[in-house]
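Working notes for the structure below.
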Amino acid sequence: MKFNPVVRTATAVVAIGALASLAACASTPAAPEEPDAGSSTGIEIPGATEDQAAKFNELYEAAVESGNTDIVFYGPSATTSTALLKVFTDRFPELSVTLKDMADAQILTTMQTEAATGQRVGDLWWGGDSIQAAMEADICTPVDVFSGPDGFTPPTAQDDRLIYFAYRMFGFVYNSDNVKAADAPKGWNDLLDSEWKGQIAMGDPNAGALRHIFTGMMRPDGHAEQFGEAYVEKLAAQDIQYVDPERNVSAEVASGRFPVGAGVFYGYYLAQKEKGAPLEFVFPLEGGGNFLSRSSLCVAKDGPAADATELFVNWIFTEEGQQALAEKDFSYGNTPTAPGPEGMDSLDKIDKLPFANPDPDFNKPYFEFIEKTFTK
């Protein structure tokens, strides 16, 4: 999807002689008003210091002057952030965004090809916990993050090429036409009830967030005591119905094909809910096992819209950006004062699984166990 840039044109006004005469006789003009704090002399940036606002406006002006005002986002579910990004383009109306949904493997191949040929199209990879392109210095590049509260530095990885900016919820969905709220599963242990055997829809447990959810259930620093390998084996014995791609789990449950879905990203649920689907979301889950993925981004080295992209990365850590994450993206921001999505518990009250570990060697034994256990 693309938000078209807003182009403004100035209208020339020819002053008549009489008006010029009046102007000559006018009293001394009042001194200009002082700019608002956080606005510098251009676009106001809520919550920004004067220095931060000046940097925002410098980047904005540079982007507009260069003509490279469209930021191309690659991501496995980039279009689920449409509402969030509209807040950004409303703030900076001469900028636009183009969102391209692609699988991680396809994005990596695309960005590698663009880097090798010098024919850059994408500006930013907008995705999950461990964006592969950030591992390669010739594909992604660090960005100066000057925004956010005093003393704030966003968490990063891969020599600062990978920037974490939010936490996103995964939970259960159920068809509200077919399942009463009182009867819907409230936690992972509820899925072991015999009534749900063969009725649970789930994405591929060997890919995406699900393998990190099950890994977290088995990790000693996670919820091994609550779940462990024994739970994973019991769940697999429930004749799980796999849906590919993962984003379609909510749609399958909404259609009535399955009554419940597990390990569902909130954004996928919301996309169906906004269409009027008879769907409800369960989070946080009772008994632990709550998973939040770290959302991250990496900025393409020598991307076409470099100034606009740097502007966006810094905007996401402003008060407005963090509020928009909660209100429009239904995510938890990661600045110290970031709000949570409306109606959701604060992060400190949620019994969370550990964040995914991007180290392949660390994950290998867990992933192998998951593959063996869920293979039918």
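One is the number of the first residue; the rest follow in order along the sequence. Computed from a predicted model, the values in this text were never measured in an experiment.
Placement of Met102 and Tyr268 in two distinct hydrophobic clusters is found when ILVMFWY residues are connected by side-chain heavy-atom separations under 4.5 Å, directly or transitively. Side-chain heavy atoms closer than 4.5 Å link hydrophobic residues (I, L, V, M, F, W, Y) into clusters, and following such links, even through other members, never connects Phe73 to Ile107. Note on Trp315 and Val72: separate hydrophobic clusters, where clusters join Ile, Leu, Val, Met, Phe, Trp and Tyr whose side-chain heavy atoms are under 4.5 Å apart, directly or indirectly. There is no path of hydrophobic side-chain contacts, each under 4.5 Å, that joins Tyr332 to Tyr164. Hydrophobic cluster membership is shared by Leu95 and Val299, with clusters built from Ile, Leu, Val, Met, Phe, Trp and Tyr side chains linked at under 4.5 angstrom.
The shortest side-chain heavy-atom distance between Phe172 and Val260 does not fall under the 4.5 Å cut-off. Side-chain contact check for Phe258 versus Val249: every heavy-atom pair is 4.5 Å or farther apart.
We find the NZ-OG distance between Lys55 and Ser147 to be 9.5 Å, quoted to the nearest 0.5 Å. Separation of atoms OH (Tyr266) and CG (Leu292) is listed at 13.0 Å; rounding is to 0.5 Å. In this structure, Glu320 CD and Glu327 CD are separated by 10.0 Å, a value rounded to the nearest 0.5 Å. Atom CD of Glu65 is separated from atom CG of Asp307 by 9.5 Å, given to the nearest 0.5 angstrom. With rounding to the nearest 0.5 Å, the separation of NZ in Lys234 from CG in Leu192 is 7.0 Å. Put simply, CG on Asp144 and CG on Asp160 are 10.5 Å apart, with the number rounded to the nearest 0.5 Å.
Scanning both residues, Val313 and Val145, for their nearest heavy atoms gives CG1-CG2, 4.2 Å.
Shown here is Lys352, whose NZ atom has more than 12 heavy atoms of other residues, nucleotides or ligands within 6.0 Å. The neighbour count for Glu195 CD, taken as heavy atoms of other residues, nucleotides or ligands under 6.0 Å away, is above 12.
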request  = Start with the C-alpha distance between Trp188 and Phe291, add both sets of side-chain angles, then the distance that settles ring-ring contact (aromatic ring centres under 6.0 Å, His included), and finish with yes or no.
outcome  = CA-CA 12 Å; Trp188 287 101; Phe291 183 73; 9.9 Å; no
request  = Would you sort out whether Phe367 and His212 count as a ring-ring contact (aromatic ring centres under 6.0 Å, His included), showing the intermediate values?
outcome  = CA-CA 8 Å; Phe367 288 0; His212 291 295; 5.5 Å; yes
inquiry  = Does Lys86 form a salt bridge (Lys or Arg N to Asp or Glu O under 4.0 Å) with Asp90? I'd like the steps, not just the answer.
reply    = CA-CA 6 Å; Lys86 186 176 186 305; Asp90 284 348; 3.0 Å; yes
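Glu233 places no side-chain N or O within 3.5 Å of a backbone atom of Thr373 that could act as its donor or acceptor partner. Checked by atom type and distance alone, the side chain of Asp204 pairs as donor or acceptor with a backbone atom of Asn206 at under 3.5 Å. The closest donor-acceptor contact from the side chain of Glu229 to the backbone of Ala224 lies at 3.5 Å or more, if one exists at all. The closest donor-acceptor contact from the side chain of Ser296 to the backbone of Gly128 lies under 3.5 Å. No donor-acceptor pair closer than 3.5 Å links the side chain of Arg91 to the backbone N or O of Ile45. Between the Gln226 side chain and the Gly287 main chain, a donor and an acceptor come within less than 3.5 Å of each other. With hydrogens and angles ignored, the 3.5 Å screen pairs a side-chain donor or acceptor of Asp190 with a backbone N or O of Gly187. A donor-acceptor pair is defined here as one N or O able to donate and one able to accept, closer than 3.5 Å; such a pair exists between the side chain of Arg120 and the backbone of Lys301. Listed for the Asn175 side chain is a donor-acceptor partner under 3.5 Å among the backbone atoms of Val253. Under a 3.5 Å cut-off, the side chain of Asn68 and the backbone N or O of Ala308 do not form any donor-acceptor pair.
Just one of Lys376, Gln199, Lys197 meets the side-chain hydrogen bond (donor to acceptor under 3.5 Å, both in side chains) condition when paired with Asp239; it is Lys376. Partner Tyr269 forms a ring-ring contact (aromatic ring centres under 6.0 Å, His included) with one of Tyr174, Phe170, Phe281 and no other, that one being Phe281.
Centroid-to-centroid, the aromatic rings of Phe146 and Phe56 come within less than 6.0 Å. Side-chain rings of Phe312 and Phe92 stay apart, their centers remaining 6.0 Å or farther from each other.
With hydrogens and angles left out, the side-chain atoms of Gln322 and Thr335 include a donor and acceptor closer than 3.5 Å. A donor-acceptor pair shorter than 3.5 Å cannot be found between the side chains of Gln241 and Glu252.
A salt bridge links Lys273 with Glu280: at least one charged nitrogen is closer than 4.0 Å to a carboxylate oxygen.
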